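Every number for a ligand or one of its atoms is a count from 1 in the order of the listing. All values below were derived from every heavy atom in this structure, side-chain atoms included, with hydrogens, water molecules and symmetry-related copies excluded. The first residue of the sequence shown is numbered 1, and numbering continues consecutively from there. Remember, predicted model here, so these are calculated numbers, not experimental data.
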Amino acid sequence: MSHSKEIVVSKPRVPILAIAILAAIFAVGLFVVGYDQGHLFSIVQGAEAFDELFIHELTHDMRHAAGFPCH
Ligand SMILES: [Zn+2]
């Protein structure tokens, strides 16, 4: 009678897809917080968005706290 033992060694692997999705979210977040001057809203709102600067005003304090210059 033979006994066989199965030892499962699981190595934690981070899925590449998860990294890609998180990197995309990071990139969009970085753009929104740090660089947007009406670009995103101009897609639907047109040139008016560059005067309104809604996202810029919304993230203004965060932008300064994060060290992005804006004025
Ligand atoms: Zn500012």
Side-chain angles (χ1 to χ4, degrees):
M1 191 171 166
S2 67
H3 291 278
S4 66
K5 286 186 178 178
E6 186 178 330
I7 300 173
V8 177
V9 178
S10 64
K11 296 176 180 173
R13 283 184 55 216
V14 180
I16 298 297
L17 181 64
I19 293 174
I21 291 170
L22 287 174
I25 292 171
F26 173 78
V28 171
L30 187 70
F31 181 80
V32 166
V33 171
Y35 297 104
D36 186 84
Q37 300 285 2
H39 301 92
L40 288 179
F41 276 24
S42 74
I43 296 169
V44 290
Q45 202 180 3
E48 197 181 307
F50 292 107
D51 298 325
E52 223 167 78
L53 296 177
F54 183 78
I55 290 178
H56 178 104
E57 299 301 339
L58 187 71
T59 62
H60 200 137
D61 291 344
M62 201 189 333
R63 194 175 285 213
H64 278 279
F68 288 98
C70 74
H71 59 86

message = Quick check: do Ile55 and Phe31 have side-chain heavy atoms less than 4.5 Å from each other?
response = no
ask   = Shared ILVMFWY cluster between Leu30 and Phe41, side chains joined below 4.5 angstrom?
value = yes
ask   = Do Tyr35 and Val32 sit in the same hydrophobic cluster, where Ile, Leu, Val, Met, Phe, Trp and Tyr count as joined when their side-chain heavy atoms come under 4.5 Å apart?
value = yes
inquiry  = Apply the hydrophobic cluster definition, ILVMFWY joined by side-chain contacts under 4.5 Å directly or through others, and give me every member besides Ile25.
reply    = Leu17, Ile21
query = Listing residue and atom name, which protein N/O/S atoms are closer to the Zn ion (ligand 1) than 2.8 Å?
reply = His60 NE2, His64 NE2, Cys70 SG, His71 NE2
key: Test item: His56 and Asp36 side chains (from C-beta on) under 4.5 Å apart, heavy atoms   = no
ask   = Do you reckon Phe50 sits in the same ILVMFWY cluster as Leu40, going by side-chain contacts under 4.5 Å, direct or chained?
value = no
